[in-house]
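This report concerns only the one structure given below.
Letters A, B, ... are given to chains in the order of the sequence lines, protein chains preceding strands, and every chain is numbered from 1.
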2 protein chains.
Amino acid sequence: MAELSAAHNSLQTATRPAKACDVALIDCSSSEFTHSNLQGTDMLAMTQEPSASRVRFQPALPKPRAKSPDPRSLEDYLSRGTVRGIEAKEHLFAEGDAKSSIYRVLSGALCLYKILPDGRRQVIDFAYAGDVIGLESGIVATYSAQGTVATRVSCLPSAILDRAAANDPRIAMQLYMTMARNVDAMRDHLVCVGQRSATERLVSFLLGLSRRRASLNGGTSIVELPMTRTDIADFLGLTIETVSRTLSKLKAQRCIEIDQGTTIRFVDIVALEALAEGEAR
Amino acid sequence: MAELSAAHNSLQTATRPAKACDVALIDCSSSEFTHSNLQGTDMLAMTQEPSASRVRFQPALPKPRAKSPDPRSLEDYLSRGTVRGIEAKEHLFAEGDAKSSIYRVLSGALCLYKILPDGRRQVIDFAYAGDVIGLESGIVATYSAQGTVATRVSCLPSAILDRAAANDPRIAMQLYMTMARNVDAMRDHLVCVGQRSATERLVSFLLGLSRRRASLNGGTSIVELPMTRTDIADFLGLTIETVSRTLSKLKAQRCIEIDQGTTIRFVDIVALEALAEGEAR
DNA sequence: CGATTACTTGAGCCTGTTCAACAACCGTGG
DNA sequence: CCACGGTTGTTGAACAGGCTCAAGTAATCG
């Protein structure tokens, strides 16, 4: 979904001397970390206090890539971000927060969601390694981002990107294309949630996840689920019971095997792909 | 899909210089709007209301302007497009078509949808006067656009816009912001379809439509539905029977009045807003 | 004016929800 | 080491919201 090529991870560990742009990069984090520890259900009420509080500063983790004096692509910029760690359940940002940065997921997974006044939650998307999130139209986040497992993200202050995009149409176009791919994925998901049955939704989700991580798992038929049943349910517009039951049913039908509840192995991919398209039940 | 593409014939925009008559015909652009809402260099940090989730281009009021030889804003480009009429049920483009143009709706309404292999249909969005559609990441349309009523659109060849965006970061950023607002609206709709009950969905739809057209109907409590029950049902992930029944129920509860089946008058807005948020039933 | 399409309403059913109990897993601390 | 509480996942039984099927009414168009 918010997916730029995930191919750049290898560059993430090189070290380089500090440069002018680092200064800007670093102070982004101070405002960043302030409102990041929201937990549980009441984060919407929170308004962050940029001045006070525990800015537990993570001494900059390994620096991205060798320096280039004139970064040219969105990737270049993103690879210069400061790295930040997020625990499972910890929020990277919450709906209503002032938006200061955009992020690229380095490892782990994030859950992007919105909640209704009465507490019902819709997971908009999951963000996996390589995905970019935080690109938005307004100055305030319209959804929340929470780690589903321990996760590392690279943070880039929006201001830097704004400036870059304002001067370089190529950057602006990359932002545009990233957004466009996002919309595309959202449309597909909307079709899924709006039209498909529980089984279809779950199977599409599993297959989609597998496809999305194909580069990582080397094309095996095994997929790790780096999120809870609740996350999956809220993503698919179902209840956890239905998710659990449907997984059990698929297991009983010998379409999948489940290990530890989190590792799914596709046994009968043909059957799964038929199920995803509504054939049989 | 093939059958749909047939609709495509009439006057697909040929690339040609903008002429005076074009401007006269279509001119619903307003430079005010353009500069206040879409331009500026710090796009990412733009101070524009987040409730803009549903806001697209405001249906700009006709405003005579001299044609400028060097158009600068997205609005300028769009106002130079060639006009095309679409009948109800006629397709502007269909999923799978090569994308040649982007469009702005001048009057009427379009229904943007995707269909599953087995025929189930999900309406992604409706496009009303002022809305821009056809901005996409790939070279092939990933959804179909069909008139729900007789509709006029202004067509602008993508190539022109591509060139403009490649040279002018402001244009690229406007494309980006347009897309971003789109994503925002889609997220809201996903929450609606994924979490809300039939009544909640329908009421949110009505209120949202009213809000979106507030500039046109002058803030009255009357909304025209320029689409069929089928369109609404496919938009909300319901059946036509449920849509019809729910409307009847709202009428029986004296929340709305219905005239000719297509004109809705809000009688008890307070109750409606409560219903939209899941209170009572 | 009849034919076609769009909308409404009813009756019964089914998918997925709700409510509830139980099992598995995990970190903590005795 | 195991007992413990807490969290997460599984399974069962009953319910209900929305769907399907079906018939009837209203609007539209040649």
| field | Nearest-Å distance for atom pair CD1/P, residues B:I258 and C:dT9 | value | 8 Å
| request: Among the candidates C:dG16, D:dG9, D:dG18, find the nucleotide nearest to the side-chain atoms of A:R229. | output: D:dG9
| message | Do A:Q146 and A:L92 make a side-chain contact, defined as non-hydrogen atoms from C-beta onward lying under 4.5 Å apart? | response | no
| said: Just the rounded figure in Å: distance from P of C:dA20 to CD1 of A:I240. | reply: 15 Å
| request: Kindly say if B:S248 contacts the phosphate of C:dT9, meaning a side-chain N or O under 4.0 Å from OP1 or OP2. | output: yes
| Within less than 4.0 Å of OP1 or OP2 of C:dT9, is there a side-chain N or O belonging to B:K251? | no
| field | For atom CZ of B:R120 and atom P of D:dG18, their distance in whole Å | value | 18 Å
| task | Begin from the C-alpha positions of B:Y113 and B:H91 and carry the test ring-ring contact (aromatic ring centres under 6.0 Å, His included) through to its verdict. | result | CA-CA 11 Å; B:Y113 67 90; B:H91 280 81; 5.8 Å; yes
| request: Report the end-to-end axis angle of the helix from C:dC1-D:dG30 to C:dC26-D:dG5; each axis comes from five terminal pairs, and the value is rounded to 10°. | output: 40°
| query | Start at the 5' end of DNA chain C and walk down; is the nucleotide closest to A:Q260 or to A:T239 reached first? | reply | A:T239
| Donor-acceptor contact below 3.5 Å, side chain B:E200 vs main chain B:S197 | yes
| Mind checking what makes ring pair (Phe, Tyr, Trp, His ring centres under 6.0 Å) contact with B:Y143, not counting sequence neighbours? | B:F93
| query | Under 4.0 angstrom, heavy atoms only, what part of the nucleic acid is B:L247 near: base, sugar-phosphate, or nothing? | reply | nothing
| task | Could you state the atom-to-atom distance from NZ of B:K249 to C1' of C:dC7 in whole Å? | result | 18 Å
| request: For D:dG18, take OP1 and OP2 only and decide whether either is under 4.0 Å from a side-chain N or O of B:T242. | output: no
| query | Rounded to whole angstrom units, what separation is found between the NZ atom of B:K89 and the P atom of D:dC29? | reply | 11 Å
| request: Indicate, with a heavy-atom threshold strictly under 4.0 Å, whether B:T228 touches base, sugar-phosphate, or nothing. | output: sugar-phosphate
| query | Are a donor atom and an acceptor atom from the side chains of A:T148 and A:D231 found within less than 3.5 Å of each other? | reply | no
| Distance in angstrom units between A:M227 CE and D:dT8 P, rounded | 15 Å
| task | State whether the distance check finds a donor on one side and an acceptor on the other, under 3.5 Å, for side chain B:E241 versus base D:dC21. | result | yes
| Side-chain N or O of B:S197 closer than 4.0 Å to phosphate OP1/OP2 of D:dG17 | no
| message | What verdict does the side chain to side chain donor-acceptor pair (under 3.5 Å) test give for A:T199 and A:K249, after you've listed the backbone C-alpha separation in whole Å, the side-chain angles of each residue and the deciding distance to 0.1 Å? | response | CA-CA 9 Å; A:T199 305; A:K249 193 186 70 181; 2.8 Å; yes
| field | Protein-nucleotide distance (B:D259, atom CG; C:dC7, atom P), rounded to Å | value | 14 Å
| Is there a donor and acceptor pair closer than 3.5 Å between the side chain of A:R245 and the base of D:dG12? | yes
| request: Would you mind classifying the nucleic acid contact of B:L238 as base, sugar-phosphate or nothing, using non-hydrogen atoms under 4.0 angstrom? | output: sugar-phosphate
| Are the charged groups of B:K114 and A:D188 less than 4.0 angstrom apart, N to O? | yes
| Length of the CG-P vector between B:D234 and D:dC19, whole Å | 11 Å
| message | Angle between ring planes, A:F235 versus A:F126, binned at 30° and 60°: parallel, tilted or perpendicular? | response | tilted
